[in-house]
Trainee: 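Take a look at the following structure, please.
Below, all heavy atoms of this structure are taken into account, side chains as well, without hydrogens, waters or symmetry copies. Atoms within a ligand are numbered from 1 in the order they appear, just like the ligands themselves.
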Amino acid sequence: MTTFSDITPELEKQAIELPSWAFGNSGTRFKVFGQAGVPRDPFEKVSDAAQVHRHTGLAPSVALHIPWDTVDSYADLAKHAEDNGVRLGTINSNTFQDDDYKLGSVTHSDPRIRQKAIDHHYRCIDVMNETGSRDLKIWLADGTNYPGQDDIRARQDRLADSLSQIYARLGEGQRLVLEYKFFEPAFYHTDVPDWGTSYAHTVALGEKAYVCLDTGHHAPGTNIEFIVAQLLRLGKLGSFDFNSRFYADDDLIVGAADPFQLFRIIYEVIRGGGYGNPDVAFMLDQCHNIEKKIPGQIRSVLNVQEMTARALLVDTDALRRAQQEGDVLAANGVLMDAFYTDVRPALAEWRASRGLPADPMRAYAESGYQQRIEAERVGGTQAGWGA
Ligand code: PSV
Ligand code: MN
């Protein structure tokens with residue numbers, strides 16, 4: 001029997017990276033709704049991210065997206081993060097918003113455009129050198145919309161070649177994490193559609209290359225926890241982009257659509273040695289289109305913490321026994337007992353014992369920060385996708 005006090009040393013290890021873009025305006029291809037108080041620059045994004053950490057103790061770092069988060073001085077941005085009690089984390093490359101990339105970036109048939117995309121990744125590595133970031137996360141919008149549009153095989157070869165040039169630029173202690181997605185914005189095929197393709201490329205690149213698993217990037221019904229188990233077994237799970245989906249890549253609050261799936265994923269992370277393991281980065285990749293952004297992020301990290309606590313509560317001895325005995329229902333029962341445990345009161349008490357607010361959502365609402373940014377951040381251009 002595992003009790004809550006048994007798991008608190010493990011809970012203390014939890015760190016979830018926030019995406020800078022979660023604080024900007026976002027929406028769908030139909031409408032981006034602007035919100036009062038939204039940051040106008042990366043400094044304000046970092047300030048907002050720091051609020052999440054301040055109230056939860058769970059989110060010590062912020063991921064940047066380049067060029068969205070381009071600044072004159074990354075040293076100043078890193079200092080600003082530090083002054084606010086957080087640090088800068090993963091650098092995400094963006095090769096999906098320049099007209100040149102309409103038919104692809106690092107897979108493009110035109111060597112000039114391929115080189116431009118590779119150069120952008122070199123620039124991202126320069127940024128990493130300035131921020132002290134470890135991970136370069138690559139998600140590519142590359143793919144085609146129509147059968148026959150381009151040579152799928154040749155695109156794989158160009159992808160491998162471009163990635164190897166980018167990989168060769170990584171410095172000591174730096175890593176490349178390759179994210180996969182089976183659709184969107186390309187609809188017929190994408191060049192990195194699944195974990196297998198990402199795995200094949202990262203294995204070919206070498207030991208500094210890993211797979212990034214974004215929970216929203218799978219077909220309905222995919223057993224994501226199986227992929228987690230397999231990638232951990234292969235030593236190639238580098239990071240998570242957590243979010244929730246109902247239909248597509250919905251980027252909703254992690255754990256909102258299917259808390260049981262999140263529990264199962266985290267259970268496999270723990271089972272496979274990925275929890276408390278510096279090789280596996282836990283990030284959110286979300287957008288808050290209609291809800292307020294900072295409380296949206298607070299809710300998200302709390303959801304991850306709650307499902308982590310439940311997964312840590314699994315009585316692994318009893319589970320192993322039941323599995324060995326082939327007792328199907330007992331084994332399932334052990335897992336479900338942990339999943340159905342309401343850990344919220346114990347977490348609230350534990351938070352308070354560590355000098356954190358027992359109820360971070362309420363503490364943020366009462367802090368006055370939201371009112372302050374809504375009043376102060378007037379004028380300028382809000383960050384986002386064109387609100
Ligand atoms: C693509 O859908 C993705 O998941 C990638 O991680 C991007 O960098 C991110 O969303 C932000 O648009
Ligand atoms: Mn992602």
Trainee: With respect to Trp139, determine whether any N or O atom, backbone or side chain, lies less than 3.5 Å from an N or O atom of ligand 1.
Mentor: no
Trainee: Suppose we only allow N, O or S atoms; which atom of Asp285 ends up nearest to the Mn ion (ligand 2)?
Mentor: OD2
Trainee: Taking the Mn ion (ligand 2) as the vertex, what is the angle from OE2 of Glu179 to OD2 of Asp241, given to 10 degrees?
Mentor: 100°
Trainee: Go through the side-chain N and O atoms of Gln35 and His288 and say whether any donor and acceptor fall under 3.5 Å apart.
Mentor: no
Trainee: Begin from the C-alpha positions of Tyr364 and Gln370 and carry the test side chain to side chain donor-acceptor pair (under 3.5 Å) through to its verdict.
Mentor: CA-CA 8 Å; Tyr364 174 72; Gln370 188 71 38; 2.5 Å; yes
Trainee: Parallel, tilted or perpendicular, judged at 30° and 60°: which one describes the rings of Phe282 and Phe242?
Mentor: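 The arrangement is parallel - the two ring planes meet at less than 30°.
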Trainee: Enumerate the atoms of ligand 1 whose separation from the nearest heavy atom of Trp21 is less than 4.0 angstrom.
Mentor: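 Close to Trp21: 11 (C).
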Trainee: Counting the benzene-type ring for Trp, do Tyr180 and His201 have ring centres under 6.0 Å apart?
Mentor: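 Judged by ring-centre distance (under 6.0 Å), Tyr180 and His201 do not meet the cut-off.
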Trainee: How close does the nearest protein non-hydrogen atom get to atom 5 (C) of ligand 1, and which residue and atom is it?
Mentor: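 That would be Glu179 OE2, 3.4 Å.
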Trainee: When Arg153 is tested against each of Asp150, Asp157, Asp151 for salt bridge (charged side-chain N to carboxylate O under 4.0 Å, His left out), which residue passes?
Mentor: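 One option only clears the test, and that one is Asp157.
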Trainee: Suppose I only count heavy atoms of Asp241 and a 4.0 Å limit; which atoms of ligand 1 are within that range?
Mentor: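 Answer, ordered by atom number: 6 (O).
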Trainee: So which heavy atom on Phe23 is nearest to which on Pro39, and how close?
Mentor: O-CD, 3.0 Å
Trainee: Which atoms of ligand 1 are found less than 4.0 Å from any heavy atom of Asp249?
Mentor: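 Those of ligand 1 that fall under 4.0 Å from Asp249 are 2 (O).
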Trainee: For ligand 1, which atoms, with element, lie under 4.0 Å from some heavy atom of His217?
Mentor: 1 (C), 2 (O), 3 (C), 4 (O)
Trainee: Give yes if a backbone or side-chain nitrogen or oxygen of Asp285 is under 3.5 Å from a nitrogen or oxygen of ligand 1, and no if not.
Mentor: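 For ligand 1, there is an N or O atom that lies under 3.5 Å from one belonging to Asp285.
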Trainee: Tell me, with the steps shown, if Leu237 and Leu213 meet side chain to side chain contact (heavy atoms under 4.5 Å, CB included).
Mentor: CA-CA 8 Å; Leu237 181 62; Leu213 187 161; 4.2 Å; yes
Trainee: What orientation do Phe339 and Phe263 show, parallel under 30°, tilted 30 to 60°, or perpendicular over 60°?
Mentor: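 Tilted, since the angle between the ring planes falls between 30° and 60°.
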Trainee: So, Tyr146 versus Tyr188, ring centres under 6.0 angstrom or not?
Mentor: no
Trainee: Distance under 4.0 Å to a non-hydrogen atom of Asp214: what atoms of ligand 1 satisfy this?
Mentor: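 The atoms of ligand 1 under 4.0 Å from a heavy atom of Asp214 are 4 (O).
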Trainee: List every atom of ligand 1 that sits less than 4.0 Å from any heavy atom of Lys137, numbering the atoms from 1 in the order shown and giving each element.
Mentor: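 Counting from 1, the qualifying ligand atoms are 6 (O).
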Trainee: If you count the atoms of ligand 1 from 1 in the order shown, which ones are under 4.0 Å from a heavy atom of His65?
Mentor: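 Going through ligand 1 atom by atom, the ones under 4.0 Å from His65 are 7 (C), 8 (O), 11 (C).
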Trainee: Please find the N/O/S atom of Asp214 nearest to the Mn ion (ligand 2) and write down its name.
Mentor: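 Within Asp214, restricted to N, O or S, the Mn ion (ligand 2) is closest to atom OD2.
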Trainee: Applying a 4.0 Å heavy-atom criterion (strictly less than), which segment of Lys181 is in contact with ligand 1: side chain, backbone, both, or neither?
Mentor: side chain
